[in-house]
Amino acid sequence: MPGWRSIRGRVAVVITVPICLLLAVAGLAVNGRAEALGDARTTRAEVGLSLRIQALVHQLQRERGLTNGLLGGETEFRPPLSATRKRVDTALRGMRSESAVEDVVQRHLRRLAGIRAAADRGTAGQAATLTFYTGAVNALNAVDPVAETATGADRQLRDGLAALRELAAAKESVALERGLLNGVFAQGAFHGRAYIDFTEVRATRVAALARFRQVATAPQHAALEKAFATEDAERATAYEKHAEGAADGSPLRADARTWWDAMTVLVDDLYAVQQSVGDDVRDRADRLSHDAELALAAYLVAGTLIAALVAGLAAVASRSLTRPLRGLAETAHDVARRRLPAAVARIQQSPQDPAQLLTPEDAQDTPDARLLGGAAEIAEVAASLQQVEHTALQLAAQQAGLRRNTTESLANLGRRNQSLLRRQLSLITRLERQELDPDALAELFELDHLATRMRRNAESLLVLAGQNPPRPTAAPADGLEVVQSAVAEVEQYRRVLIATVEPVRVRGHAVADVAHLLAELIENGLNFSPPTEPVEVHGWYDNEDDTYSFGVVDHGIGMSEADKARAGALLSDSGEEALVAAPTRFLGHLVVGRLAHRLGEGAQVHLFDTPGGGLSALLVLPGRLLAPVEDPSTPPPPPPAPARPAVSSLLNGFRAGVARAEARNPQGASS
């Protein structure tokens with residue numbers, strides 16, 4: 001037993017480390033508050049810049065609409081156009097100090113003077129002019145700092161910025177529609193792609209407003225609804241419906257000036273809503289900045305006080321904990337190394353009710369008197385330690401019961417679903433036999449396929465619960481039939497390419513499990529490969545090992561080495577711990593592992609990287625699961641499958657098996 005000085009020194013070290021950690025945590029907290037303060041100030045400045053950018057965008061949108069109407073033949077737009085151009089120039093001069101905006105002006109608005117002059121002369125193209133202004137507006141919206149602002153963890157600020165961004169997109173769509181139909185009404189009909197552009201702009205507006213409503217507050221939502229409920233907005237809606245009826249290029253009799261005035265009121269109302277949302281966001285950023293300043297000061301003061309207090313307490317504690325520490329440590333070691341693990345193991349392994357397995361020795365909560373040593377604090381620690389032990393035992397018992405109940409619930413749910421799906425499949429089969437309409441029959445086939453997939457999911461539940469008996473099969477089935485049965489149970493079955501499958505007969509008791517296992521592997525390949533890439537299935541017989549192998553090859557995203565290692569562990573694990581600890585995205589691998597385990601010794605599943613990208617899975621069936629082939633000389637009838645260079649470079653047995661299969665049977669089947 002170490003002496004007084006040694007124990008005291010160790011206690012000092014043990015107490016010093018938490019103090020240092022506490023100071024480090026306090027420093028991180030202060031640094032976090034400082035970063036929050038910087039983010040709030042940055043957000044406040046960027047929201048102000050965003051509102052100035054949107055003021056420029058608002059005037060450019062007005063100039064775009066008036067110019068388009070002028071080019072359409074409405075000369076009365078000249079006076080308001082001249083005034084709008086002056087406001088645009090004033091806004092541009094105010095943005096010269098902003099480097100990001102100045103870059104956009106140089107790249108997208110340097111031809112503004114020429115476009116204006118051509119419009120005044122009447123020589124500018126209407127579509128090209130509209131494209132020029134729209135490109136400039138889009139460039140300004142893209143440089144808007146609201147889209148890039150870091151909002152931290154404040155939900156209200158994040159939603160406000162999102163609402164401001166979506167409202168800008170909706171307003172641009174309304175303004176673009178105003179300018180587009182302004183020219184159309186001036187010309188009296190749709191020409192070229194004008195009607196398609198009109199419908200696309202309206203769709204963009206509807207989508208942006210829908211996203212705005214998802215993040216806007218109740219007052220912001222009410223302001224938007226008020227903007228769309230005015231007489232001018234309703235008049236504009238009537239004009240839109242009138243324009244919808246002229247998709248065939250028929251003449252449009254509409255007053256362009258009335259349309260312009262109505263839509264201008266709507267755009268101005270939306271701009272007012274946009275400014276209101278911007279003010280709300282700026283106020284929120286100001287409030288967050290103020291709160292961050294107060295929090296930073298409070299953290300600094302609290303950190304200093306806590307450090308001083310902990311240092312004083314450490315000095316006192318180091319003098320009062322030295323004598324009984326050894327006895328307490330021995331008891332803690334005994335609990336951690338012997339008593340608690342033994343009791344937990346006994347509870348988890350017993351089939352009895354876990355609560356009945358807690359013995360009086362496990363439940364004792366009186367501290368050992370030898371640990372008191374005259375120190376009440378140590379006695380309380382000892383009592384707490386034993387209470388922790390008792391609580392851990394209770395939790396272990398509850399966990400064992402919970403696992404048992406979860407497994408039984410999964411099994412019960414799977415059996416119920418399985419029974420209902422069997423009845424549903426039987427009903428669908430009867431309907432298919434009675435239906436004569438080809439279209440209705442095709443829909444019934446799709447429903448049949450969907451129900452089949454649902455049945456596989458129900459069986460997967462039972463497999464995970466460890467209570468799913470194999471589906472009965474009267475006789476052995478051909479390997480190609482097993483593969484086709486598996487393909488029928490996946491969603492994107494049209495993407496599955498059944499390549500060369502050498503003749504084989506799978507014994508009846510294993511047919512359902514093999515088909516289910518292959519369906520899980522094929523489904524995984526389909527989910528993690530591009531929709532244009534097929535998933536290939538191969539089958540070949542290995543005379544040396546007396547085994548038959550099925551290969552599933554995809555050309556998708558593949559798996560990292562860590563994920564492959566985890567998946568491989570699940571493929572070879574059949575215990576309950578894997579079900580509890582496995583992430584949900586690996587449950588398919590766990591189902592495959594359970595099915596392979598149920599097939600018995602010799603049935604294995606391996607994963608390989610597909611050269612060029614993707615993942616290949618290999619299912620090996622031992623000879624005891626195979627039945628003699630009735631007529632091995634008869635090859636499958638479908639046409640030859642195309643060459644797949646990725647398969648030819650798989651690892652060792654997989655590569656050799658595919659090569660032998662293609663050499664023995666030059667024709668394959670495709671699905």
Side-chain angles (χ1 to χ4, degrees), residues 418 421-422 425-426 429 448-449 452-453 455-456 458-460 462-463 468-490 493 496-523 536-552 591-606 617-638 641 653-654 657-658 660-665 667-671:
Q418 196 176 45
L421 287 169
R422 285 174 180 169
L425 284 170
S426 177
T429 301
D448 191 319
H449 179 65
T452 302
R453 288 164 44 211
R455 181 187 64 184
R456 176 167 63 87
E459 292 176 352
S460 296
L462 293 175
V463 170
N468 180 34
R471 278 182 279 168
T473 302
D478 292 334
L480 183 58
E481 293 177 351
V482 174
V483 173
Q484 290 171 339
S485 176
V487 172
E489 295 189 358
V490 300
Y493 59 89
V496 180
L497 184 64
I498 303 178
T500 304
V501 178
E502 291 187 0
V504 71
R505 302 276 288 176
V506 180
R507 295 192 180 276
H509 70 277
V511 168
D513 285 344
V514 173
H516 190 170
L517 194 154
L518 286 175
E520 292 289 343
L521 296 177
I522 294 171
E523 186 85 69
E536 306 161 14
V537 182
H538 299 259
W540 65 89
Y541 188 79
D542 192 335
N543 293 319
E544 297 179 0
D545 298 334
D546 190 27
T547 59
Y548 191 89
S549 300
F550 289 101
V552 179
V591 172
V592 171
R594 295 282 180 87
L595 290 171
H597 178 77
R598 195 162 67 186
L599 288 173
E601 184 179 358
Q604 301 176 357
V605 180
H606 305 282
L618 177 66
L619 168 62
V620 180
L621 299 179
R624 61 181 178 77
L625 298 179
L626 308 177
V629 179
E630 295 179 356
D631 189 5
S633 63
T634 303
F654 199 6
V658 173
R660 286 198 306 273
E662 293 182 347
R664 296 173 185 170
N665 188 7
Q667 290 186 336
S670 61
S671 173

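Side chains are part of it too, since the values below use all heavy atoms of this structure and drop only hydrogens, waters and symmetry mates.
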Exercise. Find the distance between NE2 (His509) and CZ (Arg598) and round it off to the nearest 0.5 Å.
Key: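 Spacing of NE2 (His509) from CZ (Arg598) equals 11.0 Å.
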Self-check item: From CG (Leu518) to CD (Glu489), nearest 0.5 Å
Solution: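 If we round to the nearest 0.5 Å, Leu518:CG and Glu489:CD are 10.5 Å apart.
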Quiz prompt | With Asp546 via side chain to side chain contact (heavy atoms under 4.5 Å, CB included) - residues at least two apart | solution =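 Here the qualifying residues are Tyr541.
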Exercise. Identify, with sequence neighbours excluded, every residue that meets side chain to side chain contact (heavy atoms under 4.5 Å, CB included) alongside Val504.
Key: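 Partners of Val504 by the side chain to side chain contact (heavy atoms under 4.5 Å, CB included) criterion, ordered by chain and then number, come out as Tyr548, Leu626.
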What are the two closest heavy atoms between [X] and [Y], and how far apart are they?
X: Ala515; Y: Ala486; answer: O-CB, 3.3 Å
X: Val490; Y: Glu523; answer: CA-OE1, 3.6 Å
X: Ala477; Y: Val482; answer: CB-CG2, 4.1 Å
X: Val511; Y: Val506; answer: CG2-O, 3.5 Å
X: Ala510; Y: Leu599; answer: CB-CD2, 3.8 Å
X: Ala596; Y: Ala603; answer: O-CB, 3.8 Å

Quiz item: side chain to side chain contact (heavy atoms under 4.5 Å, CB included) with Leu517: which of Leu521, Val514, Asp513?
Solution: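 Passing option: Leu521.
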Practice problem: Indicate yes or no for a side-chain donor-acceptor contact from Arg624 to the backbone of Glu601 under 3.5 Å, with no hydrogens or angles considered. | Solution: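 Confirmed, Arg624 side chain pairs with Glu601 backbone.
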Self-check item: Polar side-chain atom of Asp542 near backbone of Glu544 as donor-acceptor pair, under 3.5 Å
Solution: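 Checked: pair present.
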Practice problem: Could you walk me through whether Val483 and Phe550 pass side-chain contact (heavy atoms from CB on, under 4.5 Å), step by step? | Solution: CA-CA 9 Å; Val483 173; Phe550 289 101; 3.6 Å; yes
Quiz prompt | Side-chain heavy-atom pair Val537, Ile522 within 4.5 angstrom cut-off | solution =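 Sidechains of Ile522 and Val537: in contact.
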Exercise. Taking side-chain hydrogen bond (donor to acceptor under 3.5 Å, both in side chains) as the test, write out the residues that go with Gln604, two or more places apart.
Key: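 Here the qualifying residues are His606.
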